[in-house]
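What follows is one structure encoded as structure tokens, with my remarks underneath.
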Amino acid sequence: MATTKRYTSIIFAVIMLIVAGVSARFYQLTRIDFDIDVMDTGLAPIKQQLKTSNKVGYVTDLPSDGVYNETAFTLAPVVLSKNTGPDTLLYIHNEGSQIKTLVGYDTVAKSAAQQYQFILLKKKR
Amino acid sequence: MMSALALINFLLLCAGGAVALRRYVDALSKPIAILTGTIVSVCLISCSYYLTLALGIPFWALQVFLLGINIAHVYLLRSIRGLTDTRLHIERPKQTFVILVGLLGIIFYFILNQSKYGNWDAWSIWNLHAKFLADADRWKNMFGPELAYSHPDYPLMLPSFIAYFWTSLGHNTAVVPLLFALVISLIVPLVIYYALADNDQRLYACLGLLLFSIDNNFKFIATYQGADTMLSLFILLTVAFALRLKDLGGNGIYLIGFLAASSTWIKNEG
């Protein structure tokens with residue numbers, strides 16, 4: 001009986017430890033900025049403009065698939081098209097590289113996060 | 001409000017699944033029935049969520065439907081009483097202690113190594129699909145040619161289940177797939193343990209569970225937040241029940257068939 005009681009106490013202590021550990025980790029994870037969090041913060045004003053859109057074109061100075069995939073994940077369910085076909089374009093400019101001038105487009109929204117500048121453009125009518 | 005209802009509906013469905021399994025399938029112990037009931041409920045929730053999207057049924061209607069099913073089984077199967085009729089008494093404290101130490105090993109690995117968004121496949125495939133599925137108006141966008149890189153042909157059990165909770169919460173938090181990956185990685189060693197313990201092989205059951213808790217490959221893949229661990233769980237349950245087919249009675253084959261067939265709703269290759 002005493003052994004059972006002792007084990008029961010240990011078991012409850014372990015359960016408390018598990019709950020505390022998992023809670024601490026969740027709290028810690030919410031405090032860290034991952035790449036996707038940076039994109040999420042930077043693209044928040046752009047997402048506001050795309051609330052009813054289905055597709056947006058994508059132009060960037062960065063040849064990285066990672067940036068494209070992170071942006072596509074952040075903007076979903078809006079589809080990020082790797083060409084300039086759609087009327088709306090998202091231009092991701094990397095600090096330090098020459099900024100492109102996209103003729104025939106008006107700037108709708110602008111935001112920035114870390115080294116990225118996000119510019120939402122709309123084709124002139 | 002909606003998120004609480006969605007969670008309660010899921011938990012009640014797990015309870016109902018466990019009690020129904022114990023009633024209609026012979027020789028299932030309570031723990032293995034609860035674990036299997038949970039897995040069956042994950043499958044049912046994901047299928048029903050996907051069906052509501054495909055048929056254009058609003059999310060609240062799904063909640064009402066699930067609530068109806070849950071009220072029915074609580075009333076007809078006495079499912080809540082069926083699961084809570086034992087006193088708070090730990091029958092085998094030493095083995096319970098081993099289970100907890102094993103699970104603690106896996107949880108500590110998660111605490112130390114879990115990434116918020118999982119690995120590349122998790123966010124660029126599974127959770128990306130979940131984000132589309134969480135939007136009832138634009139979910140079909142995920143099948144466009146632009147998303148060919150994200151394998152739109154992949155089955156949707158994991159994304160649908162995550163989308164079910166994201167829709168109920170009203171936003172896409174990383175906590176849902178993260179917590180789900182943790183729960184699945186805990187269920188795998190528990191199934192190993194109880195599948196062996198129910199055959200009176202308690203020593204092997206403890207060793208099996210501890211083996212999982214020290215195997216870094218298993219834990220590493222479990223933290224991916226991908227569908228691989230969930231697929232392995234369905235295969236594990238199928239094999240565990242198939243080995244005990246004679247004990248399970250006439251309905252056992254339907255359970256095995258359901259679990260084996262459901263695997264195809266998780267992954268189709270890879």
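A quick note: this is a predicted structure, and the numbers were derived from the prediction, not measured. Every heavy atom of this structure was used, including side-chain atoms; hydrogens, water molecules and symmetry mates were not. In the text below, chain A, chain B and the rest are named by the order of the sequence lines, each starting its count at 1.
Judged by distance alone, with hydrogens and angles left aside, the side-chain atoms of A:Lys82 form no donor-acceptor pair with the main-chain N or O of B:Glu146 at under 3.5 Å. Proximity of a side-chain donor or acceptor of A:Asn69 to a complementary backbone N or O of B:Ser124 within less than 3.5 Å is not detected.
With a threshold of 4.5 angstrom between heavy atoms, B:Tyr149 approaches chain A through side-chain atoms but not through N, CA, C or O. No part of B:Trp139 comes within reach of chain A, as not one of its non-hydrogen atoms sits under 4.5 angstrom from that chain. Looking at B:Ile107, the atoms closer than 4.5 Å to chain A (heavy atoms on both sides) all sit in the side chain, from C-beta outward. Heavy atoms closer than 4.5 Å to chain A are found in both the backbone and the side chain of B:Asn141.
Within 6.0 Å of atom CZ in B:Phe180, more than 12 heavy atoms from other residues, nucleotides or ligands are found, so the atom counts as buried in its surroundings. Counting non-hydrogen atoms of other residues, nucleotides and ligands closer than 6.0 Å to NZ of A:Lys100 gives a total above 12. Within 6.0 Å of the NZ atom in A:Lys122, the count of heavy atoms belonging to other residues, nucleotides or ligands does not exceed 12. No more than 12 heavy atoms of other residues, nucleotides or ligands shown are found within 6.0 angstrom of CH2 on B:Trp60.
Shown here for B:Lys131 and A:Ala76, the closest heavy-atom pair between the two residues is CE-O, 3.7 Å. A:Val79 approaches B:Phe132 most closely through the heavy-atom pair CG2-CE2, 4.1 Å. Taking every heavy atom of both residues into account, B:Lys116 and A:Asp37 meet most closely at NZ-OD2, 3.2 Å. Closest approach of A:Ala72 and B:Leu128 over heavy atoms only: O-CD1, 3.8 Å.
Ranked by heavy-atom pairs under 4.5 Å with chain A, the first of B:Asp137, B:Leu133, B:Thr173, B:Asp135 is B:Asp135.
Counting heavy atoms from C-beta on, the side chains of A:Asp35 and B:Tyr117 never come closer than 4.5 Å.
Expressed to the nearest 0.5 Å, how far CZ of A:Phe73 lies from CG of B:Asn172 amounts to 7.5 Å.
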